[in-house]
**Q** 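There's a structure below that I have some questions on.
What you see is a predicted model, and the numbers here were worked out from it, not measured in a lab.
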Amino acid sequence: MPHELPKTYDPTAIEDHWAEFWVRENLFAQPTPEPGNDADQSFVILLPPPNVTGRLHMGHMLNQTEMDILTRWRRMCGDRALWVPGTDHAGIATQMMVERQVVSEGSSRQKLGREKFVERVWEWKRHYGGAILDQMKRLGASVDWSREYFTMDERLSVAVREAFVKLHEQGLIYRGAYIVNWCPRCQTAISDLEVVYDEHKGHLWEIRYPVIGEDGKDSGEFLTVATTRPETMLGDTAVAIHPDDERYTHLHGKKLRLPLVDREIPIILDEWVSREFGTGAVKVTPAHDPNDFALGERHHLPSINVMDDTGHVNENGGKYAGLDRYVARKEIVQSLEERQLLAGIKDHVHNVGHCDRCKTVVEPRLSTQWFVKIQPLADKAIEAVEKGHIKFTPEMYAKTYFEWMRNIHDWCISRQLWWGHRIPAWHCANCHKVTVAREDPATCAHCGSEKITQETDVLDTWFSSGLLPVSVFGWPKISQETRADFDAFYPTSLLVTGFDILFFWVARMIMLGCWFGGDVPMADGSPRELKDAVPFREVYIHALVRDANREKMSKTKGNVIDPIEIVKQYGTDAVRFTLASMASPGTDIAFNVARTEGYRAFANKIWNAARFIFMNVDKAAEVGISVDRSVLGAMPTVGEDAPLEARWIVAELHATAARVNESLANYRYDDAANAIYQFFWGSFCDWYLEIVKLRLNFETQPVRGPEAALTTLVGVFEAALRLLSPFMPFLTEELWHAVYEGKPPERSIALTQYPQTSSYEGDSTRISFRHNYDSTVLEMRVIQSVITALRSHRKDLGVPEKERVPAVIFCAEEDGSLTAGYMVEEANRQLCDALARVDLTLKMERAPVGVKARVEVGFTVVIQYEAKIDVAAERERLTRDIAKYEKGLAAAERQLGNEGFLAKAPAPVVEGLKKQAAETKMLLDKARAALDALSGK
RNA sequence: AGGCGCGUAGCUCAGUUGGUUAGAGCGCUUCCUUGACACGGAAGAGGUCGUUGGUUCGAAUCCAAUCGUGCCUACCA
């Protein structure tokens, strides 16, 4: 069956087909292994769950490309590879989205009521929630779709409830009134990490608070405070000054009358107050500021909440009640001014916190919330990394991790939302105590009353996603029958994620994983130690994908690159390769489509190499020669008697495979990708294919030569496809199937063996890669440099491209015997003849002076061609060369004359430099002679 | 305010423990539509490695200072 491939590679024509094929065939499903399997053989990776409302962006694509490369690589290396996909229910984002939808229909969340609204969210999720995973399917991510999770799934919800109840039993969950970041628009508490600070030009209002005299009446004196949020004064319960502030010593023990509210408040002394800032007197509003709250605790001050859920002044605000916080601010400032209590307004630049989701200004607010007492969990999480049970790449992120973990605050886990895991706590109307339970209780655990109602708050989304590494493998329901997954797949091998997620997934998964993973005994029944309780053994952190100008992508700037669009234009493989080749650990990726264009060209190059190969396979078939496909699938080998190019390309393939395997083991996707690129294009196509063309003359040559050449050609190509496959799964899948002409030994290239160099050892009739690599490559390099010198020289002389010309290569004694040794071989001279289009003669002597020549280390070539020599240009070139050589030689001689260098530098370095100096001297002499000869004319 | 990075060719980036003449892709110049490929081939040009000082026989690499630049954390009213 002849191969029919179009001249240009068109990714769109094949990618959909294979993407569907991989999913349909369930190719990457990793069934639960039989008990007793070695967990060390597993490579397990959990997709950091994208937001269910999300669309795929470049960051995801980078993240997934890296995971897919590793997973495909480990799978092909023989590991039990498992990549588990899923999505996160994303409490606030999803609720917001559906709420907007409901409002656009003229209804509202409140009108629908909790139950109906939650049903609406589920409905939305069923219809649109799979978008990002569908995109993943199209991009060929080799995940196990049969294990797809959603954080609100029943089995994962069981884990959430278990974790909550357990932490509660352990005394690590408490409920209380504290200052939290409150979003008045989302009407929920949000985490510190969901608050983004923006610099904002505001004001510092200075307000005069009347001092109350001994008699209980205003003394006529004032204490001036400074504030950026004057409206919070309605809730002031003190004013604080520094105890050593001499300006205010006489006010110690006095009271003030809070303007507009007429409340008597004390002056308190606290060293926290900065004497330099503002007026040195700070109003204290414990219900609306975390620092003030702490002051209030220290000084036993009451907290007066003056704001409601929506950011409006509440009934405690007297006549300002009902006003929006900014309207209230304006009116309060005006009232103060009218009463001459405003001492001044100064411009003040400060940071204002905004809700990460909706950009509304966050209101620090006292409210009753549920918290996790985090220190015990953090301690374990710190220990796990300190002891090396979890390794970070790049290492510097461990520092960031420690920094954050060591300064951690208790975790506010309650959210005033409807979409999420509802907190399993019931309040009793009778005894007012709380019942926390695994199963919904009918009565209060304390007094037996039936008048109990479930807590309305839900849990922070991270509470559930942080549990994923344990929960996706069955925790907490680990029994003798159900534990096979956990035994085989926990701890997972690796988490791949962006640095911006360090404190979300990474930190939380480590804390919760170490805490609950340890509950599950090992397969042999022994207790699980911390090193095996960790959720993953390694963390690889990648950087940000920026635009071509290194700008951060953002919707407002309009510079967002949609990966799907780029994929449509250039093909998935090209985009993947772009990301991989730039994914150097710790460096942001400036995504430039010019580069993707280059890798599309690379794909096209391989495609055309395949066309060439298939063309020859077909030609061979016509004369009855067929390729022995039974030798494919392993690492190609050749005998010592094989022609140079065959020995060389096989040696290069082995070297490349070694480098790629090593690079991937160190997360050097860039090194790995570049090594393959260099091999495929620079070695295989540029040199090997050009040479092998000479061998594939089926009509005129004896059969054995072309047949052997064809076998090596196909063998190396097939192995190289496997090497490239994790990076370019689509192209390689297509061509690999074509190599086997529809009768492949596996369903997919992804299930074949990854090229390894170790398989090359042990067979003495074959050249050993390690043993012969150097000599083969050296020989080839010499041939290449001769060919390049000839080509270059042709250009200098202006020889027409197609013209075949006589040439002489001079290898004098002083040049050493290396080149001469190789050029004595007729086969090698023939290679030079063919690739440089010359008729080459070897002369073991010095090149004649005064002849236009090309001088190289080890040899000189002269092409016999009548050419007009541009004397001026030639002189300029020689002069430039001489200067370069002189400089190099002087530097080398200076160092060689340095006794310290000779005494201390290692011998190979000294030897190398000596050799280099000699070579440079030779080149310099010849260049000088040539210049003299030129001038003599 | 603290912490962490980065500064190498026109652009985007490699350069692992200091060691021979600092690499790649894209872009650029010249020539070539030769039977795999013009998304191609061939040959080239292009860098005092931000600056200054130090350690060393030897520094892009280590140290210090300095300039520039980016990010993270905190959030003094």
**Q** Using purine N1 to pyrimidine N3 plus N6-O4 or O6-N4 for Watson-Crick, or N1-O2 and O6-N3 for G-U wobble, each under 3.5 Å, what pairs with B:C62?
**A** B:G54
**Q** Counting side-chain heavy atoms from CB outward, which of B:U12, B:G44, B:G5 is closest to A:Arg854?
**A** B:G44
**Q** Any strand counts, and the cut-off is 3.5 Å on both contacts for Watson-Crick or G-U wobble. Which nucleotide pairs with B:U34?
**A** none
**Q** Rounded to whole Å, how long is the line connecting atom CG of A:Leu902 with atom P of B:U56?
**A** 18 Å
**Q** Between protein and nucleotides 71-77 of chain B, map the contacts as a letter string: B base, S sugar-phosphate only, - none, heavy atoms under 4.0 Å, written 5' to 3'.
**A** -SS-BBB
**Q** Could you tell me the separation between the CG atom of A:Asn604 and the P atom of B:G41, rounded to a whole number of Å?
**A** 10 Å
**Q** What is the nucleic acid contact for A:Ala590, judged by heavy atoms within less than 4.0 Å: base, sugar-phosphate only, or nothing?
**A** sugar-phosphate
**Q** Ring-plane angle category for A:Tyr397 and A:Phe499, please: parallel below 30°, perpendicular beyond 60°, tilted otherwise.
**A** parallel
**Q** Over 60° means perpendicular and under 30° means parallel, so classify the ring planes of A:Phe602 and A:Trp681, tilted if in between.
**A** parallel
**Q** Can you see if the side chain of A:Ser584 gets near the phosphate of B:A14 - specifically, an N or O under 4.0 Å from OP1 or OP2?
**A** yes
**Q** I'd like to know if the side chain of A:Arg576 and the backbone of A:Phe727 have a donor-acceptor N/O pair within less than 3.5 Å.
**A** yes
**Q** Within the pair A:Thr587 and B:C6, is there a side-chain N or O less than 4.0 Å away from OP1 or OP2?
**A** no
**Q** Judged by modelled atom types alone, do A:Ser581 and A:Tyr599 share a side-chain donor-acceptor pair under 3.5 Å?
**A** yes
**Q** If I take atom CZ in residue A:Phe614 and atom P in nucleotide B:G35, what distance separates them, rounded to the nearest angstrom?
**A** 21 Å
**Q** Looking at the side chain of A:Asp686, which of B:G19, B:G41, B:A36 is the nearest nucleotide?
**A** B:G41
**Q** Counting distance alone, no hydrogens or angles: does the base of B:C4 have a donor or acceptor under 3.5 Å from a partner atom on the side chain of A:Lys399?
**A** no
**Q** Please report the distance separating the P of B:C4 from the corresponding atom of B:A9, rounded so that it comes out in whole Å.
**A** 27 Å
**Q** Could a donor-acceptor pair under 3.5 angstrom be found where the side chain of A:Lys693 meets the base of B:A36?
**A** yes
**Q** I'd like the P distance from B:A74 over to B:U69, given in whole Å.
**A** 25 Å
**Q** With heavy atoms under 4.0 Å as the rule, sort A:Ser581 into base, sugar-phosphate or nothing.
**A** nothing
**Q** In terms of the nearest nucleotide of RNA chain B, which residue is placed more toward the 5' end: A:Glu662 or A:Cys685?
**A** A:Glu662
**Q** Starting the side chain at C-beta, find the nucleotide from B:G40, B:A43, B:U12 nearest to A:Lys605.
**A** B:G40
**Q** Is there a donor and acceptor pair, one atom on the side chain of A:Glu690 and one on the base of B:A42, closer than 3.5 Å?
**A** no
**Q** Summarise protein proximity over nucleotides 21-29 of chain B in one line of letters, 5' to 3': B for base, S for sugar-phosphate only, - for none, counting protein heavy atoms closer than 4.0 Å.
**A** B---SS---
**Q** Identify whether any heavy atom of A:Arg791 sits under 4.0 Å from a base atom; if not, whether one sits that close to sugar-phosphate; answer base, sugar-phosphate or nothing.
**A** sugar-phosphate
**Q** Between B:A64 and B:C6, how far is it from one P atom to the other, in whole Å?
**A** 14 Å
**Q** Under 6.0 Å from the six-membered ring centre of A:Tyr677 and within 45° of its axis: does the NZ or CZ of A:Lys605 meet both?
**A** no
**Q** Nearest whole angstrom, please: distance from the P of B:A36 to the CD1 of A:Ile691.
**A** 15 Å
**Q** Could you check whether A:Pro800 gets within reach of a base, just the sugar-phosphate, or nothing at all, counting any heavy atom under 4.0 Å?
**A** nothing
**Q** So which nucleotide does B:G44 pair with, by the Watson-Crick or G-U wobble rule with both distances under 3.5 Å?
**A** B:C28
**Q** With rounding to the closest Å, how many angstrom separate the C1' atoms on B:C28 and B:G47?
**A** 15 Å
**Q** Any side-chain donor-acceptor pair under 3.5 Å between A:Thr279 and A:Thr224?
**A** no
**Q** For A:Glu801 and B:U30, what is the distance between atoms CD and C1' respectively, to the nearest whole Å?
**A** 10 Å
**Q** Find the distance A:Leu835:CG to B:G41:C1' and express it as a whole number of Å.
**A** 12 Å
**Q** Classify the ring geometry of A:Phe680 against A:Phe684: parallel below 30°, tilted from 30° to 60°, perpendicular beyond 60°.
**A** perpendicular
**Q** Partner of B:U21 by Watson-Crick or G-U wobble geometry, both contacts under 3.5 Å, or none?
**A** none
**Q** Rounding to the closest angstrom, what is the interatomic distance between B:G2 and B:G46 at atom P?
**A** 46 Å
**Q** Students often get this wrong, so: under 4.0 angstrom with heavy atoms, is A:Leu502 touching a base, only sugar-phosphate, or nothing?
**A** nothing
**Q** Taking only the P atom of each, what is the distance from B:A14 to B:G50 in whole angstrom?
**A** 14 Å
**Q** Distance-only, no hydrogens or angles: does the A:Arg247 side chain make a donor-acceptor pair with backbone N or O of A:Arg275 under 3.5 Å?
**A** yes
**Q** Counting only Watson-Crick or G-U wobble pairs whose two distances fall under 3.5 Å, which nucleotide matches B:A14?
**A** none
**Q** Would you please say whether a donor-acceptor pair under 3.5 Å links the side chains of A:Asp270 and A:His299?
**A** yes
**Q** What does B:G2 pair with, Watson-Crick or G-U, if both distances are under 3.5 Å?
**A** B:C72
**Q** Looking at every strand, decide which applies to A:Thr8 at a 4.0 Å heavy-atom threshold: base, sugar-phosphate, or nothing.
**A** base
**Q** Give a yes or no on whether the backbone of A:Thr285 and the side-chain of A:Asp292 come within a donor-acceptor separation of less than 3.5 Å.
**A** yes
**Q** Just name whichever nucleotide pairs with B:G7, Watson-Crick or G-U, keeping both distances under 3.5 Å, else none.
**A** B:C67
**Q** Rounded to the Å, how far apart are A:Arg611 CZ and B:C39 C1'?
**A** 13 Å
**Q** By nearest nucleotide on RNA chain B, pick out whichever of A:Pro585 and A:Ile787 is the more 5' one.
**A** A:Pro585
**Q** Taking only the C1' atom of each, what is the distance from B:A45 to B:C31 in whole angstrom?
**A** 15 Å
**Q** Are OP1 or OP2 of B:C37 and a side-chain N or O of A:Arg600 less than 4.0 angstrom apart?
**A** no
**Q** Does A:Arg406 count as lying over the ring of A:Phe402, i.e. NZ or CZ under 6.0 Å from the six-ring centre, within 45 degrees of the axis?
**A** yes
**Q** So, A:Ser274 side chain and A:Phe277 main chain: donor-acceptor pair closer than 3.5 Å or not?
**A** yes
**Q** When the distance from CG of A:Asp796 to C1' of B:A45 is rounded to whole Å, what number comes out?
**A** 14 Å
**Q** Does the side chain of A:His203 pick up a donor-acceptor pair with the side chain of A:Asp347 at under 3.5 Å?
**A** yes
**Q** For the base of B:C37, is there a side-chain donor-acceptor partner from A:Lys7 under 3.5 Å away?
**A** no
**Q** Would you indicate whether the side-chain heavy atoms of A:Leu713 and A:Leu689 approach each other to under 4.5 Å?
**A** yes
**Q** If the C1' atom of B:G68 is compared with that of B:U8, how far apart are they to the nearest Å?
**A** 16 Å
